[in-house]
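Report on one structure; see the data block that follows.
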Amino acid sequence: MAMMPLFAVAMMLGLLAIGSHVAVAMGVVTTGMVLALDGVPMTVIAQTAFKSVNSYPLMAIPMFVLAGNLMMKGNIAGLMIDLIGSLVRAVRGGLALTVMITCVFFAAISGSSVGSAAAIGAATVKGLKAEEYPARFSAGLVAVGGTIGLMIPPSLGFILIGSIVGLPVDKLFIAGVLPGLMEGSMLLMAVAFMSRRYGYGKTTARPDWTGFTRRLPKASAAVLMPVFIIGSIYTGMLTPTEVSAFAAAYAAILCLIVYRSVTAGETWVVVKDSLLQSTMIFAVVMGGSLVGFVLARMGVSAAVVDFIKGINMTAWQFLLVANVILLVLGMFLDGVAMIVLTAPLLFPIATALGINPIHFAVIMVANVEIATLTPPVGLNLFVMSGISKLPVHEVVRGVLPFYFVRLLGLALITYVPAISLALI
């Protein structure tokens, strides 16, 4: 019995290595472990899996996914790039800075790292190339900018964590605002530094205030969307699940009626794609819930907590170890799988050591952001490889300078709790 967890890990890695979906790998392995446990009926598998997705907070995921996909299909990113660029492109590296600011904006409406990178990459890669930005810098810029979508609300990562460990999603959303803005500011400074040092991009003579005022009325409806989303959550007017429904409806009105950038037929395709993406997320959650059940049943979680206490590990030491573990796992697992596998194990330890669970949730999401940039599984790398037509290793080289900025941001989030907790 003592060797069962190690055997299960090896089995899961083997299934992943042959191409099995992570949800299938977790489900098969944990089902086998349940069968090996004495006194556990098979009905527990179905009950545990169903209970894990029968959650009010998780109802927000399909709606936020739909809202983000509609905004991506409707080319809202291009609209915002034109508006922001009217002012910002007057400085060195202005288009690159415009792209990064647009990433921050899109983060507040999509909740998805991959969705943000895909939407903004499709709208900007040709423009960056026309202004003679190096191709790998452009790909790395959008790949890393897209990761902010996981931190700034609405964040699918926070919805998952809140549902799994029982934390209020609205507080998690609010906790992600300052860290997300800090990460965006750090990346803007990095872009400005590299653009000035290497002479990237062209500049205009002066800010185009006339163009800005001409574009603002058309873009105002899109600009107000993140204001409504974050404002209604912060003021408590709507729950995150209610906000998700509002966001999806608002996005549909914008794309179908206001901008007419999406047809009814295209909307149906977007709905089907959103359902598929949401189903994949729920499948991973179900598999992860079985892993958590088996770990609790075998006493693994309690044993790990007792071990940490027994060696007198301090909170800062645990946070360092947790970051290393999450960064390594991020090389092999996507963000959803990372959260559902590690949250049930790490959160009890963090709580036992006196770490604020909301602060630890922000730390975990910061690690998931970095995971989307880490080969060999970093999803944003493959998204930008497909859009920019560059090999993945070239995108990795473009991301590398920003990677160190992200690690610095992770350190600040980890050891300065006030960044995450100031607004709560």
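Everything numeric here is computed off the predicted structure, so don't read it as measured data.
Annotation for A143 and V399: closest pair CB-CG2, 4.0 Å, computed over non-hydrogen atoms. The two residues M225 and M71 make their nearest non-hydrogen contact at SD-CE, 3.4 Å. In terms of heavy-atom proximity, M26 sits nearest to G288 at CE-N, 3.7 Å. The two residues M338 and L326 have their closest heavy-atom pair at CE-O, 3.4 Å. Nearest heavy-atom pair, V362 versus P179, reported as atom, atom and distance to 0.1 Å: CG1-CG, 3.8 Å. The two residues S385 and P391 have their closest heavy-atom pair at OG-C, 3.9 Å.
None of V144, I101, L141, L97 except one satisfies the side chain to side chain contact (heavy atoms under 4.5 Å, CB included) rule with L187; the exception is V144. Looking at L421, L423, I358 one by one, the single match for side chain to side chain contact (heavy atoms under 4.5 Å, CB included) with K171 turns out to be I358.
F402 and F137 have tilted rings, their planes meeting at an angle from 30° to 60° on a 0 to 90° scale.
Under the 3.5 Å distance criterion, the side-chain polar atoms of Y415 are matched with a main-chain donor or acceptor of W316. Of the possible donor and acceptor atoms, none in the side chain of S195 sits under 3.5 Å from a partner among the backbone N and O of A192.
For R215, the CZ atom is densely surrounded, since the number of other residues' heavy atoms within 6.0 Å is greater than 12. Atom CE of M194 has more than 12 neighbouring heavy atoms from other residues, nucleotides or ligands inside a 6.0 Å radius.
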Could you walk me through whether I61 and L58 pass side chain to side chain contact (heavy atoms under 4.5 Å, CB included), step by step? CA-CA 6 Å; I61 289 179; L58 285 182; 3.6 Å; yes

Candidate pair L329 and I325, rule side chain to side chain contact (heavy atoms under 4.5 Å, CB included), full reasoning: CA-CA 6 Å; L329 287 176; I325 292 172; 4.0 Å; yes

With side chain to side chain contact (heavy atoms under 4.5 Å, CB included) as the test, would you mind laying out the steps for D170 and T239 before giving the verdict? CA-CA 7 Å; D170 54 348; T239 67; over 6 Å; no

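Sorted by first and then second residue, the ring pair (Phe, Tyr, Trp, His ring centres under 6.0 Å) pairs involving residues 338-382 (not counting sequence neighbours) are F318-F360, F347-F360. Legend: ring pair (Phe, Tyr, Trp, His ring centres under 6.0 Å) pairs involving residues 178-199, not counting sequence neighbours, sorted by first then second residue: Y198-Y200.
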Contacts under 3.5 angstrom, residues 403-413 side chains, donor-acceptor by atom type, not counting sequence neighbours:
{"from": "Y403", "atom 1": "OH", "to": "T374", "atom 2": "OG1", "distance (Å)": "3.1"}
{"from": "R406", "atom 1": "NH1", "to": "T147", "atom 2": "OG1", "distance (Å)": "2.3"}
{"from": "R406", "atom 1": "NH2", "to": "E183", "atom 2": "OE1", "distance (Å)": "3.2"}
{"from": "R406", "atom 1": "NH2", "to": "E183", "atom 2": "OE2", "distance (Å)": "3.1"}
{"from": "R406", "atom 1": "NH2", "to": "E369", "atom 2": "OE1", "distance (Å)": "3.0"}
{"from": "R406", "atom 1": "NH2", "to": "E369", "atom 2": "OE2", "distance (Å)": "3.4"}

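Judged as a side chain to side chain donor-acceptor pair (under 3.5 Å), and not counting sequence neighbours, the contacts of T414 are N323. Residues passing the side chain to side chain donor-acceptor pair (under 3.5 Å) test with S55, sequence neighbours excluded: S163. With sequence neighbours left out, T98 forms a side chain to side chain donor-acceptor pair (under 3.5 Å) with no residue at all.
Separation of atoms CD1 (I81) and CD1 (I120) is listed at 6.5 Å; rounding is to 0.5 Å.
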